[in-house]
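Every number for a ligand or one of its atoms is a count from 1 in the order of the listing. What you see is a predicted model, and the numbers here were worked out from it, not measured in a lab. All values below come from the heavy atoms of this structure, side chains included, with hydrogens, waters and symmetry mates left out.
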Amino acid sequence: MTTIGHLINGQPRIDAARTQDVFNPATGKAEKKVALAPKATVEEAIAAAQAAYPAWRNTPPIKRARVMFRFKELLEQHSDKICELIGQEHGKIVHDAAGELQRGIENVEYACGAPELLKGEYTKNVGPAIDAWSEMQPLGVVAGITPFNFPVMVPLWMFPMALVCGNTFVLKPSERDPSATLFIAELLHEAGLPAGVFNLVNGDKEAVDTLLTDPRVQAVSFVGSTPVAEYIYATASSHGKRCQALGGAKNHAIVMPDADMDNVVNSLLGAAFGSSGERCMALSVAVAVGDAAADTLIEKMQAGMQGLKVGAYHDKHNDFGPVITRAHQEKVVGHITSAETQGAKVVVDGRHIQVPGFEEGFFVGATLIDRVTPDMDSYQAEIFGPVLQVVRVNTMEEAMALINDHEYGNGTCIYTRDGEAARYFSDNILVGMVGINVPLPVPVAYHSFGGWKRSLFGDLHAYGPDGVRFYTRRKTITQRWPSANVREGAEFSMPTMK
Ligand code: NAD
């Protein structure tokens, strides 16, 4: 059985002492193993990044950007293989994996603008013959820790920007689907990145804790579940590191009575069930305003869900695949059962789905639950499966209060034809990413991605302009060259331009 290892100082490495099975979620079988790096191996990766930093920091931004131009070409050239690797270990269908890769590539494209992004600020004559400028300097060695659900896109949110800003990097991807991430790391080196500038260690908590506490690591970007995000933020911060930790979500869509209901249903089918609901921006709750809207929504959703195809990643006719592990499958099924037990109505039940030829796969069918109420456990939790819950309310204010009261604030959306309602919603909702008739308002690469409340710990969002800020620190230089024959005496009051 293949063991997936690390990439340290440009060289492949395998620690065989501790490994974990990597499953194909469609077959339910362990097909590979992943090496779990001990502390010493992670320290080696940090040391490699530290050693590579001085030369990389002083490499002109345009040369750093050129590596990204070549990297983008290689990602495109190898897209079939990347999607195949994602499908094998994550389970998402190849067309969905291609979408993930494309959204990742857009971050590489943005990073290609490094010379423009790093220009800084300059003011001539802040005082007589005094000039000032602000530079954006790299931080040093920075680390990324990423989740299973986007094994290519989320790492690409982080390291292209970190690298073009002049940092060196240690990535700890998800141990559940590590192959695609390792493969793109190899492509990065093929693109001409010097050894040691980017290092990848596979592993679990031991590897993560080493990154969080090692004094050579200056900053940590994390994406994953909220309990872990909170731990990462607290630990990294208490060790003096800059940290952005993006967590979980519970994304609501408000369905107003005036919405174009066919459009709503089409959007919700993709946004709730695409990628088996394992997206942090998946719409998992539809809040219908008024019983008439709710009844129509349920009826049309039920009809729309009849045609959904669930199966293995390689058949592009499938709409979505399995969930990531047997344990997660059981957890999702448990949430459906708990909603039912607590009084909700399971309208379409995906608990007992059988996919011919893949009987042992971790599948959950698309599930629609009506009359969910905020006190139910399934409403409070991030289910992270192909489950859409419908909550009925009487007014838009009530719908907004639900969203604002929820612990998460990642994404949300309103379906309406009323511009005034949409404007009021986007202005007042306590959520970081908002859609207006757009179900998955994932910001494009030249904006930034991040939720509010317990969906993000830290100040700066991921990628885009906030990514540049996160991976650089400002230095402001004030300069004067006094002419030889003008010498001023000592000045004891605070210098001003008065
Ligand atoms: P996870 O939190 O289990 O794992 C994320 C990373 O943290 C992995 O690399 C894992 O090895 C590591 N990790 C796990 N437990 C740890 C621990 N106790 N100590 C130290 N490190 C630990 O998340 P996941 O299941 O891989 O991903 C799904 C979650 O990620 C969902 O909650 C989803 O909403 C969230 N997510 C959020 C965003 C976002 O942008 N907000 C994007 C994608 C996924």
For [atom], what is the closest protein heavy atom, and at what distance to 0.1 Å?
{"atom": "atom 7 (O) of ligand 1", "result": "Phe222 CE1, 3.3 Å"}
{"atom": "atom 19 (N) of ligand 1", "result": "Lys205 CG, 3.5 Å"}
{"atom": "atom 44 (C) of ligand 1", "result": "Asn149 OD1, 3.2 Å"}
{"atom": "atom 39 (C) of ligand 1", "result": "Cys280 SG, 3.3 Å"}
{"atom": "atom 26 (O) of ligand 1", "result": "Phe148 N, 3.0 Å"}
{"atom": "atom 35 (C) of ligand 1", "result": "Gly224 O, 3.0 Å"}
{"atom": "atom 15 (N) of ligand 1", "result": "Val228 CG2, 3.6 Å"}
{"atom": "atom 32 (O) of ligand 1", "result": "Glu382 OE1, 2.6 Å"}

Heavy-atom contacts with [X] under 4.0 Å: which atoms of ligand 1 show up? List them by number with element.
{"X": "Trp157", "answer": "40 (O)"}
{"X": "Val208", "answer": "20 (C), 21 (N)"}
{"X": "Phe449", "answer": "39 (C), 40 (O)"}

Per-residue contact class, Thr146 against ligand 1 - non-hydrogen pairs under 4.0 Å: backbone
Does [X] have a non-hydrogen atom less than 4.0 Å from ligand 1?
{"X": "Gly450", "answer": "no"}
{"X": "Gly247", "answer": "yes"}
{"X": "Arg279", "answer": "no"}

Trace of the side chain to side chain donor-acceptor pair (under 3.5 Å) decision for Gln88 with Ser179: CA-CA 9 Å; Gln88 276 173 11; Ser179 290; 6.0 Å; no
Residue pairs passing the ring pair (Phe, Tyr, Trp, His ring centres under 6.0 Å) test where at least one lies in residues 218-245, sequence neighbours excluded: none
Any N/O pair Glu175/ligand 1 closer than 3.5 Å: yes
Presence of salt bridge, Lys92 and Asp177, under 4.0 angstrom: no
Non-neighbouring partners of Lys72 that pass salt bridge (Lys or Arg N to Asp or Glu O under 4.0 Å), sequence neighbours left out: Glu76, Glu109
Check against side-chain contact (heavy atoms from CB on, under 4.5 Å), Tyr471 and Val164: CA-CA 9 Å; Tyr471 292 120; Val164 296; over 6 Å; no
